[in-house]
2 protein chains.
Amino acid sequence: MITTIPHWLLKQAELNPGETAIEMDDGATLSYQELHEKSLQYAAYFEKSGVKKGDHVAVLSSNRIEMPIVIHSLSYIGAVIVLLNTRLTAKELAFQLQDAEAALMVTEPEFHSVAGDAAHRAGLSREKIVEFREIHLEEAQPTHMQTEINLGDLFTIMYTSGTTGNPKGVQLTYGNHWASAVSSALNLSLSPSEKWLVCLPVFHVSGFSALIKNVVYGMPILLMKRFEEKAVINNIRQTGVTMLSAVSVMLQRMMSELGEQQLPDYFRGVLLGGGPAPKPLLEKAKDKKIPVFQTYGMTETASQIVTLNPKDALRKLGSAGKPLSTASLKIDAAMGEVGEIKVKGPMVTTGYYKREEATAEVMSDGWLATGDLGYQDNEGFLHVVDRRKDLIISGGENIYPAEIESVLSGMEGIREAGVTGIKDKKWGQVPVAFIVSDTSGAIREEDVLQFCNSELASYKCPKEIHFVDKLPRNASNKLMRRELLYLRKVDGDKG
Amino acid sequence: MITTIPHWLLKQAELNPGETAIEMDDGATLSYQELHEKSLQYAAYFEKSGVKKGDHVAVLSSNRIEMPIVIHSLSYIGAVIVLLNTRLTAKELAFQLQDAEAALMVTEPEFHSVAGDAAHRAGLSREKIVEFREIHLEEAQPTHMQTEINLGDLFTIMYTSGTTGNPKGVQLTYGNHWASAVSSALNLSLSPSEKWLVCLPVFHVSGFSALIKNVVYGMPILLMKRFEEKAVINNIRQTGVTMLSAVSVMLQRMMSELGEQQLPDYFRGVLLGGGPAPKPLLEKAKDKKIPVFQTYGMTETASQIVTLNPKDALRKLGSAGKPLSTASLKIDAAMGEVGEIKVKGPMVTTGYYKREEATAEVMSDGWLATGDLGYQDNEGFLHVVDRRKDLIISGGENIYPAEIESVLSGMEGIREAGVTGIKDKKWGQVPVAFIVSDTSGAIREEDVLQFCNSELASYKCPKEIHFVDKLPRNASNKLMRRELLYLRKVDGDKG
């Protein structure tokens with residue numbers, strides 16, 4: 001069977017040359033024709049710098065307009081893109097550069113120093129670092145241009161951290177990204193006037209997948225440097241944004257900012273990822289008439305693989321929905337009972353780069369064991385309970401931090417909450433909570449404990465309450481529970 | 001790379017069990033769950049009748065509700081479906097049954113006699129004919145059910161007639177049909193309230209492809225026994241139909257029927273196939289505010305492969321548009337010049353069944369030579385000129401029947417026109433026209449000739465005008481130009 005398609009950007013330049021492809025929040029825009037031409041020029045430059053089909057090229061950049069151009073230019077050459085997290089230290093970057101066997105690193109001036117340090121540690125010579133400003137744009141195109149995409153070819157490597165050991169490079173093919181975009185369109189429908197706002201980092205699969213939708217659908221995106229609630233709301237109001245990918249805390253902040261106001265009618269909704277969302281948050285959004293489509297996915301599945309369909313969004317509040325039409329889901333447990341979530345489909349990774357053992361640990365027969373716990377209700381809707389590794393086992397009882405966080409975030413005076421387990425001589429583990437109070441700041445520890453006692457079984461009630469200024473989050477604003485304990489104050493300095 | 005997906009009907013029964021899948025114009029409906037369950041029951045019956053994965057099963061049926069059930073049931077077993085044209089004679093059917101090596105024929109009571117005759121000629125015993133009424137529905141499902149679809153597997157065989165020799169069986173895989181449905185969704189967008197009206201025969205790819213969209217998108221279809229302008233308009237008005245696939249003559253008749261009236265606002269448009277449409281027809285539709293999306297495709301491309309995007313529909317009236325995002329198009333001629341149209345993409349057939357030579361004649365390197373003539377304008381839009389085999393060469397000049405038909409159909413008093421060539425001692429060939437006049441019937445031969453002289457170069461003017469009651473059309477209402485000559489009256493009996 002044919003597994004090649006015309007190159008998606010080349011195609012959009014043919015189908016919709018003059019249509020806007022990318023808008024930046026500073027007002028810069030690129031049409032598909034311009035994006036195509038700039039990508040060709042970059043590709044010619046990279047080719048001249050020695051990049052060949054199959055080479056691995058690392059990209060270290062924030063959400064700048066150069067980011068999509070670099071991605072498409074490398075794809076025009078057939079190079080594999082290694083996406084680096086801008087929050088990493090030089091040492092961490094060096095590990096990924098070496099592990100992914102990057103032949104070149106492309107970056108922006110802001111990261112001049114850390115990039116230089118990382119390259120040095122990785123044994124990459126200075127001339128193998130290219131900053132955007134050094135790229136000379138000539139009227140040129142690469143001599144070996146990939147006018148077609150072979151869906152089986154490796155496209156990106158993105159690193160994820162496991163519970164132990166070094167990060168692993170998740171390999172995603174063109175076919176993985178294509179299947180993800182197509183399946184999402186079939187699930188959400190696709191309005192002719194769609195515009196997607198991207199404020200999640202493009203180096204994460206959450207932001208990256210929107211760049212792919214941009215060229216697979218021919219749908220414009222508004223790319224923001226970072227999430228900022230006021231700016232996001234303004235952009236939705238002023239530029240006709242219809243969809244937004246976000247994680248819980250972003251939605252939470254948007255709603256605080258909105259106050260009594262609403263979003264315009266043409267706004268179709270928020271695609272919410274990054275872990276189970278607190279139910280009180282979903283209910284608040286419902287009250288404000290902001291459609292929220294919960295999703296479930298990860299780097300290994302090229303973003304969402306399970307999504308709540310718009311028509312079930314209100315009826316099934318709290319569920320992540322059903323697997324996309326090309327995907328399958330199974331939980332090795334009776335209906336309604338919690339077990340590990342396994343998924344399968346054309347968007348699922350072929351494995352971790354050079355990690356056969358780690359790959360074999362999580363993949364078998366096309367099924368990916370996600371490490372997440374969940375259950376399916378009597379209609380087949382998935383409810384994600386928590387990360388398996390975040391599970392707290394206390395006196396033989398399973399405690400899911402997400403459940404406690406959800407309850408806490410519903411309490412007046414609490415803005416955000418994070419829960420994790422600590423060792424306990426008697427129970428093995430017990431839960432402790434970290435709380436960011438809202439601006440009033442009037443909330444007290446006793447009140448929180450009393451609230452928990454009224455809402456949760458006693459073994460689930462946090463044994464410690466820590467008030468903190470903010471919770472540890474990654475570049476996608478996802479809560480990093482393992483880092484909560486660094487915020488824990490020892491007994492003496494409490495309160 | 002993974003080339004399996006969950007079975008599309010099984011999937012819709014999981015995603016949208018209670019939603020309407022199929023409506024018939026007699027009011028019968030099937031939800032996805034019901035369609036799935038009935039298909040399982042049929043599959044169990046066929047399995048009991050000896051049908052196994054890979055077997056070829058012929059289906060001879062009009063657009064009845066059993067048609068989609070039979071198709072999905074055979075797909076649940078993994079059988080290959082041979083779609084038979086209900087207009088064929090027993091002899092023609094027998095050829096296809098034998099050629100396709102059909103192990104079983106499924107049909108409806110209406111075709112009892114012709115089916116029996118065809119089976120007898122093909123050496124198929126009487127018990128290998130199953131009429132719908134004989135299928136016993138038990139609470140059962142097949143023991144070897146295909147819960148997944150392998151996109152590389154052969155799904156259907158549909159016969160097309162070449163210019164010479166016997167019809168050839170076009171093989172289409174699941175992947176061909178899937179790519180067609182997905183690519184069409186990306187081109188047309190997909191509204192959450194879409195409903196497609198199917199009045200083209202399901203045994204043709206034009207109707208069949210709507211059954212696939214039905215299960216790939218989870219979009220309801222309204223299946224009509226046949227095209228009838230009044231009923232189609234009523235259905236659009238009364239049942240919320242948003243899209244319709246049609247050929248020119250159907251659109252023409254609908255517009256006559258509409259008179260001064262319009263279609264409701266929610267109606268998104270007519271996907272118009274079956275050959276180049278007369279420009280006056282497209283202009284009339286534009287005046288009536290009926291959006292028409294011209295398409296270009298054939299059995300070998302699993303329906304449309306080139307389509308005019310809604311946003312260009314009015315600006316590029318008369319063009320068939322651009323290749324779908326997964327497809328490519330080339331014409332071995334300079335820009336603006338006429339040449340043979342070649343297409344490529346994941347919806348293109350793998351070849352003709354057991355016809356390696358015929359396949360090699362039209363396919364090379366994944367490119368299909370369509371036998372159609374066309375050109376691309378300076379923006380890359382395809383303009384289909386005519387079938388190469390219908391080209392009339394007169395005194396060394398190329399004459400395209402479609403051009404003359406388009407001019408004729410713009411003349412007041414003419415309802416439909418067909419043009420073909422006849423042999424001529426002096427010029428080699430000359431064009432002759434066959435005309436169906438409108439209800440007033442006041443049009444005269446001299447008027448037509450005068451009109452042609454004012455609109456067309458003299459060598460393109462038809463040398464004979466024949467008034468006829470109707471034009472020869474196939475089951476999809478496509479004009480069969482080769483049969484026009486049977487309508488030609490010899491000199492003496494004219495006018």
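In what follows, chains are A, B, ... by sequence order, proteins preceding strands, each numbered from 1. It should be emphasised that the depicted structure is a prediction, and the values quoted were computed from it without experimental measurement.
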TODO: Would you mind checking if E379(A) and K316(A) are paired as a salt bridge, meaning a charged N to carboxylate O distance below 4.0 Å?
DONE: yes

- [ ] Please step through salt bridge (Lys or Arg N to Asp or Glu O under 4.0 Å) for the pair E23(A) and K195(A), ending with a clear verdict.
- [x] CA-CA 10 Å; E23(A) 287 175 34; K195(A) 184 193 277 189; 2.7 Å; yes

Open item on the list: Heavy-atom cut-off 4.5 Å, strictly under: side chain, backbone, both or neither for L324(A) against chain B?
Closed with: backbone

TODO: Check whether V348(B) gets within reach of chain A through its side chain, its backbone, both or neither, counting any heavy atom under 4.5 Å.
DONE: neither

Task: Pairs where residues 317-336 of chain A contributes a residue and the test salt bridge (charged side-chain N to carboxylate O under 4.0 Å, His left out) is met, not counting sequence neighbours - done: D332(A)-K342(A)

Task: E194(B) portion near chain A, given a 4.5 angstrom heavy-atom threshold - done: neither

- [ ] Give the member of P346(A), G380(A), G366(A) that has the highest number of heavy-atom pairs under 4.5 Å with chain B.
- [x] P346(A)

- [ ] For each of I5(A), L15(A), N16(A), V182(A), tally heavy-atom pairs with chain B at distances under 4.5 Å, and name the one with the top tally.
- [x] L15(A)

TODO: Might you point out which heavy atoms bring L382(A) and I341(A) nearest each other, and give the distance in Å?
DONE: CD1-CD1, 3.9 Å

Task: W178(B) portion near chain A, given a 4.5 angstrom heavy-atom threshold - done: side chain

TODO: Would you mind telling me which of T370(A), T307(A), T301(A) makes a side-chain hydrogen bond (donor to acceptor under 3.5 Å, both in side chains) with Y296(A)?
DONE: T370(A)

TODO: Among P17(A), A185(A), A181(A), P323(A), single out the residue with the greatest number of heavy-atom pairs under 4.5 Å to chain B.
DONE: P323(A)

Open item on the list: Does any backbone or side-chain atom of S325(B) lie under 4.5 Å from a heavy atom of chain A? Answer side chain, backbone, both or neither.
Closed with: both

TODO: Could you verify whether a donor N or O on one side chain and an acceptor N or O on the other, from T20(A) and T29(A), lie under 3.5 Å apart?
DONE: no

Task: side-chain hydrogen bond (donor to acceptor under 3.5 Å, both in side chains) evaluation trace for N176(A) with T173(A) - done: CA-CA 5 Å; N176(A) 291 147; T173(A) 63; 3.2 Å; yes

Open item on the list: Which one wins on heavy-atom pair count under 4.5 Å against chain A: A327(B), G345(B), S328(B), G321(B)?
Closed with: A327(B)

- [ ] For the residue pair F155(A) and H177(A), categorise the inter-ring angle as parallel (less than 30°), tilted (30 to 60°) or perpendicular (more than 60°).
- [x] perpendicular

Open item on the list: What part of S191(A) gets within 4.5 angstrom of chain B, counting heavy atoms only: side chain, backbone, both, or neither?
Closed with: backbone

Task: Closest-packed option against chain B by number of heavy-atom pairs under 4.5 Å, given M219(A), E19(A), Q12(A) - done: E19(A)

